Trainee: 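Below you'll find the structure I mean.
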Amino acid sequence: MREIAIMSEPSAKQVAAKKLMLAFFLEALATIAGLIAYGMTSNWIWIAIGVLGGLGFSLPAVIVFIRASMEERDRASR
């Protein structure tokens, strides 16, 4: 007899963790782009733009991850 495996949906925390990893990758790309622009222009502002632009990706993802973790912890304590 064959067993059928039922795939469960990933938890909110797992989805948030994947988005967090993607956000950190995009942040690294933004920082690298800032470093490249600095290398081409010798203007420090490009590094700051790269770092601050990267925070636009990672900061919201960190907030979503923390909220998902808190929600999962609250659900587990019930």
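As the structure is a computational prediction, the values presented were derived from the model and not from experiment.
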Trainee: Restricting to pairs with a member in residues 59-74, which pass salt bridge (Lys or Arg N to Asp or Glu O under 4.0 Å), not counting sequence neighbours?
Mentor: Glu71-Arg75
Trainee: Apart from Leu52 itself, what residues make up its hydrophobic cluster, given side-chain heavy atom links below 4.5 Å?
Mentor: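 Under the 4.5 Å side-chain rule, Leu52 groups with Leu55.
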Trainee: Looking at every non-hydrogen atom in both residues, tell me the closest pair between Ala61 and Ala23 and how far apart they are.
Mentor: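 Looks like CB-CB, 3.6 Å.
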Trainee: Spell out, yes or no, whether Val15 and Ile66 are grouped together once hydrophobic residues are joined by side-chain heavy atoms under 4.5 Å, including indirect joins.
Mentor: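 Val15 does not cluster with Ile66.
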Trainee: Of all residues at least two apart in sequence or in a different chain, which pass the side-chain hydrogen bond (donor to acceptor under 3.5 Å, both in side chains) check with Thr31?
Mentor: none
Trainee: With clusters built from Ile, Leu, Val, Met, Phe, Trp and Tyr whose side-chain heavy atoms come within less than 4.5 Å, directly or transitively, what are the remaining members of the cluster of Ile36, listed by chain and number?
Mentor: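 Traced through the cluster, Ile36 reaches Ile32, Met40.
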Trainee: Considering residues, nucleotides and ligands other than Leu22, do more than 12 of their heavy atoms fall under 6.0 Å from its CG?
Mentor: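 Yes - once you tally the heavy atoms of other residues, nucleotides and ligands closer than 6.0 Å, there are more than 12.
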Trainee: Test: ring-ring contact (aromatic ring centres under 6.0 Å, His included). Region: residues 33-76. Which pairs qualify, not counting sequence neighbours?
Mentor: Tyr38-Trp44
Trainee: Mind listing the closest non-hydrogen atom pair of Ala68 and Ala16 along with its distance?
Mentor: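 Heavy-atom minimum between the residues: CB-CB, 4.1 Å.
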Trainee: What pairs with Gln14 under side-chain hydrogen bond (donor to acceptor under 3.5 Å, both in side chains), at least two apart in sequence or on another chain?
Mentor: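 For Gln14 there are no side-chain hydrogen bond (donor to acceptor under 3.5 Å, both in side chains) partners, ignoring immediate neighbours.
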Trainee: According to a hydrophobic-cluster definition based on side-chain heavy atoms being under 4.5 Å apart (Ile, Leu, Val, Met, Phe, Trp, Tyr only), do Leu20 and Phe25 belong together?
Mentor: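 Cluster IDs for Leu20 and Phe25 differ.
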